[in-house]
Amino acid sequence: MGGVAGADRTAGAVDGVPGAPGGALGASGGVVAPSSVGAPDAPAAPSGATAPSGQAAIPLEIAASYRARSRGLLGRDGIDGALLLTPASAVHTFRMRFAIDVAYLTRDLTVLTVRTMRPGRLGLPRLRARHVLEAEAGAMARWGLCPGVRVTVDAP
């Protein structure tokens with residue numbers, strides 16, 4: 001599954017996101033910043049910048065409606081940043097045009113596992129996953145997303 005072309009992105013629709021603000025996000029979405037599980041949540045830096053503690057800020061689109069999650073990244077040639085599918089516990093890459101990295105997240109946005117999926121694959125559902133974060137293949141490694149890392153979501 002994978003991206004949204006415009007609407008259906010709301011920060012308040014993300015269940016289990018501590019401190020998630022309500023209201024609709026703009027076309028640019030919010031930002032996602034990895035932080036260690038033991039560290040207190042620091043505010044994310046502006047999109048495309050690096051936070052003082054070394055956290056990377058990543059442009060984010062949120063697909064919270066059924067239609068947006070179903071559409072996902074289908075029909076796209078790539079994505080700048082990431083797409084958060086919520087709620088979701090599994091994805092597929094049928095009819096996709098490019099390989100993607102998939103991070104399965106718990107209710108509190110802690111990464112359970114990260115997988116790279118080529119087009120035409122069906123991912124197994126993760127029992128504890130509540131959200132799925134998708135990005136172009138190789139992006140999650142560059143951002144430092146690995147099991148045990150907590151992700152924060154901020155509105156622009």
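Just so it is clear, the model here is predicted, and its values are computed rather than measured.
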- prompt: Of the non-hydrogen atoms in Ser65 and Ala68, which two are nearest, and what is the gap between them?
  reply: OG-N, 3.1 Å
- request: Could you check if a side-chain atom of Val102 sits within less than 4.5 angstrom of a side-chain atom of Thr93, using non-hydrogen atoms only?
  value: no
message: side-chain contact (heavy atoms from CB on, under 4.5 Å) for Val111 and Val151? Distances and angles first, verdict last.
response: CA-CA 7 Å; Val111 177; Val151 176; 4.1 Å; yes
message: Run the salt bridge (Lys or Arg N to Asp or Glu O under 4.0 Å) test on Glu134 and Arg76 for me, step by step, so that the C-alpha distance in whole Å, both residues' side-chain angles and the decisive distance to 0.1 Å come before the verdict.
response: CA-CA 13 Å; Glu134 296 180 341; Arg76 294 189 187 191; over 6 Å; no
field: pair Leu105-Leu84: side-chain heavy atoms closer than 4.5 Å
entry: yes
message: Can you confirm whether Val153 sits close enough to Ile62 that some side-chain heavy atom of one is under 4.5 Å from a side-chain heavy atom of the other?
response: yes
query: Any side-chain heavy atom of Leu74 within less than 4.5 Å of one from Met96?
result: yes
query: What closest approach, in Å, do Gly123 and Ala90 show between heavy atoms, and which atom pair accounts for it?
result: O-CB, 4.0 Å
task: Could you tell me which non-hydrogen atom of Glu136 sits nearest to which non-hydrogen atom of Ile79, and how far apart they are?
output: OE2-N, 2.9 Å
- request: For residues Gly78 and Phe98, report the shortest heavy-atom separation together with the two atoms involved.
  value: N-CE2, 3.5 Å
- request: Please report the shortest heavy-atom distance between Tyr104 and Ser89, naming the atom on each side.
  value: CE2-O, 3.5 Å
task: Run the numbers on Val132 and Arg69 for side-chain contact (heavy atoms from CB on, under 4.5 Å), then give the verdict.
output: CA-CA 10 Å; Val132 174; Arg69 289 189 311 270; over 6 Å; no
- prompt: If you look at every heavy atom in Arg142 and Ala137, which pair is closest and at what distance?
  reply: NH1-O, 4.4 Å
- prompt: So, the side chain of Arg130 versus the backbone of Thr86: is there a donor-acceptor pair under 3.5 Å, distance only?
  reply: no
- request: Applying salt bridge (Lys or Arg N to Asp or Glu O under 4.0 Å), name anything that partners Arg128, two or more places apart in sequence or on another chain.
  value: none
field: Non-hydrogen side-chain atoms of Thr106 and Leu112 separated by less than 4.5 Å
entry: yes
